[in-house]
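Here is the structure we will look at, set down as structure tokens.
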2 protein chains.
Amino acid sequence: MESRIDRIKKQLHGASYKLTPQREATVRVLLENEEDHLSAEDVYLLVKNKAPDIGLATVYRTLELLTELKVVDKINFGDGVSRYDLRQEGAAHFHHHLVCIECGAVDEIQEDLLEDVEAIVEKRWNFQIKDHRLTFHGICWRCHDNHDEKEESE
Amino acid sequence: MESRIDRIKKQLHGASYKLTPQREATVRVLLENEEDHLSAEDVYLLVKNKAPDIGLATVYRTLELLTELKVVDKINFGDGVSRYDLRQEGAAHFHHHLVCIECGAVDEIQEDLLEDVEAIVEKRWNFQIKDHRLTFHGICWRCHDNHDEKEESE
DNA sequence: TACTAGATTATAATTGTTATCGTTTGGTTA
DNA sequence: TAACCAAACGATAACAATTATAATCTAGTA
């Protein structure tokens with residue numbers, strides 16, 4: 001955990017930015033909630049606990065900065081809010097998401113799975129792929145199980 | 001063209017909605033610009049030509065309605081604007097997009113390409129897929145060609 | 001004709017995000 | 001330490017996209 005903060009600090013310094021207390025608090029929130037997909041507002045509320053004087057604009061600025069440095073990914077599931085996701089260190093490509101249309105849960109797929117598809121696209125459409133976004137919408141295993149239970153008790 | 005409008009009319013009636021003049025004008029704009037990925041604002045401006053008295057809110061409502069009925073797809077490339085895309089009739093799945101990070105062009109891929117990936121995901125993550133969104137970000141063939149020309153002339 | 005439900009318009013309000021501006025901070029040099 | 005400067009800050013205004021509200025209109029029906 002501390003080592004990751006250190007690495008992020010170095011990344012900032014490398015681009016001649018500083019790891020201010022506000023930025024550190026923001027990064028810590030992201031680290032502590034790595035599993036979730038927090039919106040800027042979510043991050044703001046959580047950072048408030050650590051640094052009550054922080055302003056919303058600073059959180060936005062920090063998230064923007066971290067996105068530029070590719071420390072976080074800014075994602076958009078179409079609900080009108082940007083969400084911010086700490087990158088897996090060393091991951092070349094964006095991971096994928098499973099969005100449940102019943103409960104709204106968002107799970108992640110770390111595997112790439114797209115090598116074959118990308119090869120086809122690069123060749124057939126003569127398109128040089130730099131990154132990709134893949135999201136599946138459907139019913140997650142939890143909601144699936146719930147349905148089963150319901151059916152059993154009926 | 002007319003037959004597609006008729007089918008959309010039937011879909012509306014089936015859900016007990018009417019094809020009002022405003023809705024028809026909106027659908028016509030979508031049909032006439034099927035290749036593009038229009039934003040609500042784009043649609044509004046185009047519809048204005050056909051029906052100058054239409055209001056922006058009506059366009060939003062109509063697009064929302066058409067989205068519900070799965071006549072159009074609402075997409076989001078992360079630039080803060082929703083875009084609306086007429087569905088291919090009978091297409092079970094969402095098509096994919098190639099977004100050029102140089103010129104911003106958006107091309108479409110109609111092929112599915114994801115059958116194998118979906119089979120893996122359904123099985124391994126026990127996730128019942130209903131739809132998917134796949135976007136590749138990279139350099140399109142046009143920008144690619146331009147680079148080549150530049151290099152040649154230098 | 002009067003009635004009713006749905007649709008429409010104009011406008012106000014809301015929401016997420018970004019820009020502005022005056023102030024503060026942290027590092028550097030004298 | 002003191003003086004300085006650029007970066008970063010917080011509060012707030014501005015902004016753009018979207019949605020809600022309220023009054024009005026329209027089509028169909030009794």
Side-chain angles (χ1 to χ4, degrees), chain A residues 8-29 37-69 71-85, chain B residues 8-9 11-29 37-69 71-85 104:
Chain A
I8 290 169
K9 186 173 183 177
K10 275 179 197 142
Q11 274 190 268
L12 281 164
H13 284 159
S16 50
Y17 294 109
K18 301 167 194 165
L19 183 64
T20 64
Q22 292 89 339
R23 285 177 183 163
E24 181 169 342
T26 306
V27 169
R28 282 186 189 278
V29 162
H37 299 77
L38 302 175
S39 67
E41 188 76 25
D42 294 336
V43 175
Y44 174 62
L45 293 174
L46 289 167
V47 174
K48 270 269 172 186
N49 299 331
K50 293 179 191 296
D53 285 341
I54 201 170
L56 178 57
T58 302
V59 172
Y60 270 104
R61 271 189 298 248
T62 302
L63 292 172
E64 193 59 42
L65 180 59
L66 294 174
T67 305
E68 260 173 47
L69 296 178
V71 172
V72 304
D73 280 312
K74 186 175 179 177
I75 25 176
N76 198 312
F77 293 126
D79 58 353
V81 206
S82 293
R83 294 166 188 285
Y84 297 86
D85 223 12
Chain B
I8 290 168
K9 186 173 181 177
Q11 274 190 269
L12 282 164
H13 284 159
S16 51
Y17 293 108
K18 300 168 197 166
L19 183 64
T20 64
Q22 292 89 342
R23 285 177 185 163
E24 182 170 342
T26 306
V27 170
R28 280 185 191 280
V29 162
H37 298 77
L38 303 175
S39 67
E41 188 76 24
D42 294 336
V43 175
Y44 173 62
L45 293 174
L46 289 167
V47 175
K48 270 268 172 188
N49 300 331
K50 293 177 190 296
D53 285 341
I54 201 171
L56 179 57
T58 302
V59 171
Y60 270 105
R61 266 191 305 255
T62 302
L63 292 172
E64 195 58 35
L65 181 59
L66 294 173
T67 306
E68 258 173 48
L69 296 177
V71 172
V72 304
D73 280 312
K74 186 176 180 177
I75 24 177
N76 199 312
F77 294 125
D79 58 353
V81 206
S82 293
R83 293 165 190 284
Y84 298 85
D85 223 12

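Nucleotide D:dG28 holds its C1' atom 12 Å from the NE2 atom of B:H13, rounded to whole Å. We find that OH of B:Y84 is positioned 6 Å from P of D:dT18, with the value rounded to whole Å. Rounded to a whole Å, the OH atom of A:Y44 is 14 Å from the P atom of D:dC9. Going from atom CG of B:D53 over to atom C1' of D:dC25 covers 12 Å, rounded to whole Å. Spacing between atom NZ of B:K18 and atom P of D:dG28 amounts to 7 Å, rounded to whole angstrom units. Going from atom CG of B:D42 over to atom P of D:dA17 covers 10 Å, rounded to whole Å. The OH-C1' distance, from A:Y60 to D:dA16, rounds to 13 Å in whole Å.
Taking 4.0 Å as the cut-off between side-chain N and carboxylate O, A:K9 and A:E24 do not count as a salt-bridged pair.
The side chain of B:S82 contributes an N or O atom lying less than 4.0 Å from OP1 or OP2 of D:dT18. The phosphate of C:dT8 has OP1 or OP2 within less than 4.0 Å of a side-chain N or O from B:T20. The side chain of A:R23 contributes an N or O atom lying less than 4.0 Å from OP1 or OP2 of D:dA8.
The minimum heavy-atom distance linking A:T26 with A:V47 is given by the pair CA-CG2, 3.8 Å.
Mapping B:A57 and B:Y17 onto DNA chain C by nearest heavy atom places B:Y17 at the nucleotide closer to the 5' end.
Among the atoms of the strands shown, only primed sugar atoms or phosphate atoms (P, OP1, OP2) are found under 4.0 Å from some heavy atom of A:Q22.
For A:A40, whose side chain is taken as the heavy atoms from C-beta onward, the closest listed nucleotide among C:dA10, C:dA19, C:dT17 is C:dT17.
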